[in-house]
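Reviewing the structure listed below.
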Amino acid sequence: GEDVEQSLFLSVREGDSSVINCTYTDSSSTYLYWYKQEPGAGLQLLTYIFSNMDMKQDQRLTVLLNKKDKHLSLRIADTQTGDSAIYFCAEKRGNDYKLSFGAGTTVTVRA
Amino acid sequence: DVKVTQSSRYLVKRTGEKVFLECVQDMDHENMFWYRQDPGLGLRLIYFSYDVKMKEKGDIPEGYSVSREKKERFSLILESASTNQTSMYLCASSHRPDDRGLNTEAFFGQGTRLTVV
């Protein structure tokens with residue numbers, strides 16, 4: 001649903017950092033996720049953050065969470081051509097079984 | 001490796017046909033989900049199931065039904081396919097959250113691209 005919003009496109013030069021932003025509206029969100037979808041494939045979990053954390057780092061990926069502004073970002077350092085994909089932000093509320101997804105940001109890495 | 005397998009990668013069906021999309025997972029997950037993915041709209045939940053024979057409507061259930069007779073299999077049924085159901089369909093599964101609500105990752109299948117002509 002539209003409770004999670006992302007910009008639709010991002011173009012970045014190879015070697016630069018990419019920053020993908022996401023906003024959500026439900027303050028009861030417990031987990032926030034970033035999924036990656038490569039062309040012709042399903043979604044693959046990249047990383048997630050628990051709502052009581054501000055930041056999580058995993059190799060080239062850094063997730064920042066601003067609970068006050070309900071803003072989530074994913075930074076990819078040293079972006080490579082293999083990072084070209086659609087990136088989905090998703091939230092899980094309370095003990096809900098399901099995730100709510102944003103529309104996805106298509107990241108294009110240019111040489 | 002966790003595997004969520006969707007029976008077809010590509011399907012072409014005629015308007016009015018009854019269509020079955022099958023999904024099987026091998027991780028003994030309690031929860032299974034059907035989403036459709038459309039450009040600019042992201043993933044929208046059609047139906048989900050948290051146990052055998054149990055189902056809940058998602059955000060866009062109209063025109064669809066589901067069946068969960070066995071834990072590992074979740075079927076999506078288009079009773080009478082229409083052109084506006086042309087889309088990418090994604091199946092996912094996850095464990096039920098534990099009592100502390102701790103994270104349960106959702107695993108996705110490869111998707112079925114359905115075209116209704």
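The chains referred to below are lettered A, B, ... by the order of the sequence lines, with proteins before strands, and numbering in each begins at 1. The structure presented is a predicted model; accordingly, all values stated were derived computationally and were not measured.
- When hydrophobic residues (I, L, V, M, F, W, Y) are linked wherever their side-chain heavy atoms come within less than 4.5 Å, the members clustered with A:Leu64 are A:Met55.
- Note: A:Leu99 leads A:Leu8, A:Leu99, A:Thr106, A:Ile86 in heavy-atom pairs under 4.5 Å with chain B.
- Of all heavy-atom pairs spanning B:Met32 and B:Lys71, the tightest one is SD-O, 3.6 Å.
- Between A:His71 and A:Tyr24, the distance from one ring center to the other does not fall under 6.0 angstrom.
- With A:Tyr87 contributing its side chain and A:Asp83 its backbone, the two residues share a donor-acceptor pair below 3.5 Å.
- The two residues A:Ser18 and A:Leu10 make their nearest non-hydrogen contact at CB-CD2, 4.1 Å.
- Contacts from residues 46-58 of chain B to chain A, taken as heavy-atom pairs separated by less than 4.5 Å, involve B:Phe48, B:Tyr50 in sequence order.
- For A:Ser73, there are no side-chain hydrogen bond (donor to acceptor under 3.5 Å, both in side chains) partners, not counting sequence neighbours.
- The part of B:Gln37 that comes within reach of chain A is its side chain, from C-beta onward, which places non-hydrogen atoms under 4.5 angstrom from that chain.
- Counting heavy-atom pairs closer than 4.5 Å to chain A, the top residue among B:Gly42, B:Pro39, B:Gly111 is B:Gly42.
- Looking at A:Gln37, only its side chain comes within 4.5 Å of chain B, counting heavy atoms on both sides.
- Relative to the ring axis of A:Phe88, A:Lys36 does not place its NZ or CZ within 45° and under 6.0 Å from the centre.
- By the rule that hydrophobic residues join a cluster once side-chain heavy atoms approach within less than 4.5 Å of another member, B:Leu114 and B:Leu76 end up as members of one cluster.
- At a heavy-atom cut-off of under 4.5 Å, chain A is reached by B:Arg9 from residues 5-13 of chain B, listed in order of number.
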